[in-house]
Amino acid sequence: MINILKRGDCLQLISEIENESIDLVATDPPYLISYKTNMRTKTKQVRDKSGKLVDHDFRSEIQNDANPQLITDIMPELYRVLKDDSALYMFCSMDRVDFFKHEIEKYFNLKNIIIWDKTRGTMGDLKAQYQKTYEMILYANKGRKPINGKR
């Protein structure tokens, strides 16, 4: 078996994959929560394309994290490339789980929401929010994918 890792726009790259050629998809797409961390905030002067020095904010930001169209557009492609009787595991945040469920159920049979207990939580709002110590994984089938081993 040969594994190939490619980096690029997911919608463009998935269009190059043959129909019904993938055994399983495990994906951790943007969560649609406009995530930006302040943990690594650094403002530094850098040169723009014209050579002028400008202030640049180096906070970690996830591209397309507020764009639900990305999820809507990728679902039919995931369905197309997966073989019959295969599985999809899609990570998502509790903040948008209803949207992700809705989009998955257009194409797949949603079987479970798996809770990944991460032990260590996120920072979030330190004064008015409990730490999120879990992540949700939507488990869905194209057809009916039996589980290997015990439940």
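Below 30°, between 30° and 60°, or above 60°: for Tyr139 and Tyr89 the angle between ring planes is between 30° and 60°, a tilted geometry. A perpendicular orientation is assigned to the rings of Trp116 and Phe91, their planes being inclined by more than 60° (bins at 30° and 60°).
Closest of all the heavy-atom pairs between Ser15 and Glu77 is CA-OE1, 3.9 Å.
Of the inter-residue distances, the one linking Phe99 atom CZ with Ser93 atom OG reads 13.0 Å to the nearest 0.5 angstrom. Taken from CG in Leu110 to NE2 in His102, the straight-line distance is 12.5 Å, to the nearest 0.5 Å. The CZ atom of Arg96 lies 9.5 Å from the CD atom of Glu103; values are rounded to the nearest 0.5 Å.
Two residues are said to be in side-chain contact when any heavy atoms from C-beta on lie closer than 4.5 Å; Cys10 and Ile74 meet this criterion. Side-chain contact between Lys83 and Asp23 is present, with heavy atoms from C-beta onward closer than 4.5 Å. Residues Pro29 and Ile71 form a side-chain contact, since some pair of their non-hydrogen atoms from C-beta on lies under 4.5 Å apart. For the pair Lys111/Leu138, no side-chain contact is recorded, criterion being any heavy-atom separation below 4.5 Å from C-beta on. A heavy-atom distance below 4.5 Å is not found between the side chains of Leu5 and Arg7. At least one side-chain heavy atom of Ile104 sits less than 4.5 Å from a side-chain heavy atom of Met75. Considering only heavy atoms from C-beta on, Met90 stays 4.5 Å or farther from Val25 through its side chain. Using a 4.5 Å heavy-atom threshold, the side chains of Tyr79 and Leu88 count as separate.
The backbone N or O of Leu82 lies less than 3.5 Å from a partner atom in the side chain of Lys142, making a donor-acceptor pair. At least one donor-acceptor pair closer than 3.5 Å links the side chain of Asp85 to the backbone N or O of Arg144. A distance-only check finds a donor-acceptor pair linking the side chain of Arg80 to the backbone of Ile14 [under 3.5 Å]. Side-chain N or O atoms of Asn112 include none that pairs as donor or acceptor with a backbone N or O of Ile114 at under 3.5 Å.
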